[in-house]
Amino acid sequence: MNRIDADNKDLYAIADLAKEFGISTRAIRFYESKGLIAPERVGATRVFRRRDRARLILILRGKRLGFSLRDISDYLSLYDADRNQQVNLLAEKVDERIALLERQRDDLETTISELREIKNLADQRVQKAS
DNA sequence: CTTCTTACA
DNA sequence: TGTAAGAA
């Protein structure tokens, strides 16, 4: 929609991507500073191609799933290198993530149970008092 | 008006 | 990451 040039179907300005993905231009520049993306430059202005856009999508998905920019960075770095190693890393990180979430879920359930016990005891005492 | 960099919160 | 400031 807001391509830089109607002829070149895969050039985007930073504002276009920011709007499309609902993030700030600052965030995009931040990801670049962390090495997650490396858009071309026309002078000092960043020019994003489909490749950058695709990586941005992966970055946002990774964040949504709770991965750190570091993890995402490591994963993305392998895109230009060992595609196999990239898959292995992904599997490893996903397992770690799932393990962590399951532990947190267990902790939450334990906490909820304890709170319910306290709640029950409190309710009983209220009954006797009244 | 848009983007860039840099610095500070 | 947001915001601000000054340059391009």
Side-chain angles (χ1 to χ4, degrees):
Chain A
M1 308 293 243
N2 286 305
R3 274 63 182 294
I4 290 178
D5 182 6
D7 295 320
N8 215 314
K9 307 272 188 229
D10 62 336
L11 296 183
Y12 308 81
I14 190 170
D16 299 333
L17 297 179
K19 177 178 292 182
E20 179 181 354
F21 298 121
I23 58 180
S24 63
T25 57
R26 176 74 175 82
I28 294 176
R29 296 193 184 96
F30 182 72
Y31 300 151
E32 177 184 15
S33 74
K34 293 302 180 182
L36 296 175
I37 50 180
E40 294 168 27
R41 297 284 187 132
V42 170
T45 301
R46 299 174 175 72
V47 174
F48 299 76
R49 306 192 103 83
R50 291 201 163 137
R51 177 168 184 281
D52 305 303
R53 185 170 175 284
R55 292 174 69 101
L56 199 48
I57 290 175
L58 291 177
I59 293 170
L60 298 178
R61 175 190 291 174
K63 284 198 56 182
R64 178 160 45 78
L65 295 177
F67 291 102
S68 67
L69 285 184
R70 188 54 199 287
D71 287 334
I72 300 172
S73 178
D74 294 335
Y75 173 72
L76 255 29
S77 296
L78 274 40
Y79 191 89
D80 305 302
D82 316 84
R83 198 65 73 87
N84 294 312
Q85 194 181 322
Q86 181 181 41
V87 176
N88 293 326
L89 177 64
L90 177 61
E92 183 182 312
K93 290 300 179 182
V94 168
D95 282 339
E96 286 180 21
R97 185 63 184 152
I98 291 177
L100 174 59
L101 289 174
E102 293 184 324
R103 268 179 287 160
Q104 297 182 320
R105 182 189 57 192
D106 291 342
D107 288 341
L108 283 174
E109 293 179 335
T110 297
T111 299
I112 291 175
S113 292
E114 288 181 31
L115 289 172
R116 281 180 174 151
E117 281 185 49
I118 294 174
K119 172 62 175 174
N120 289 328
L121 291 176
D123 285 342
Q124 291 179 198
R125 297 185 183 182
V126 171
Q127 298 295 318
K128 295 180 179 179
S130 62

Between Ile37(A) and Pro39(A), what is the shortest heavy-atom contact and its length? C-CD, 3.6 Å
Give the minimum heavy-atom separation between Lys63(A) and Ile72(A), together with the two atoms involved. N-CD1, 3.6 Å
Contact state string [nucleotides 2-9 of chain B, B base, S sugar-phosphate only, - no protein heavy atom under 4.0 Å]: -SSB-B--
More than 12 foreign heavy atoms under 6.0 Å from CZ of Arg70(A): is that the case here? no
Distance check, rounded to the nearest 0.5 Å: Lys34(A) atom NZ versus Ile59(A) atom CD1? 13.0 Å
Contact under 4.0 Å: Ser24(A) side-chain N or O vs dT1(C) OP1/OP2: no
Decide salt bridge (charged side-chain N to carboxylate O under 4.0 Å, His left out) for Arg103(A) and Asp107(A); before the verdict, give the C-alpha distance in whole Å, the side-chain angles of both, and the deciding distance to 0.1 Å. CA-CA 6 Å; Arg103(A) 268 179 287 160; Asp107(A) 288 341; over 6 Å; no
Would you say the side chains of Thr25(A) and Arg29(A) form a donor-acceptor pair under 3.5 Å? yes
Does any residue of residues 55-65 of chain A have a heavy atom under 4.0 Å from DNA chain B, and if so, which ones, in number order? none
CZ of Arg116(A): more than 12 outside heavy atoms within 6.0 angstrom? no
Please check if the number of heavy atoms outside Asn84(A) that lie under 6.0 Å from its CG is greater than 12. no
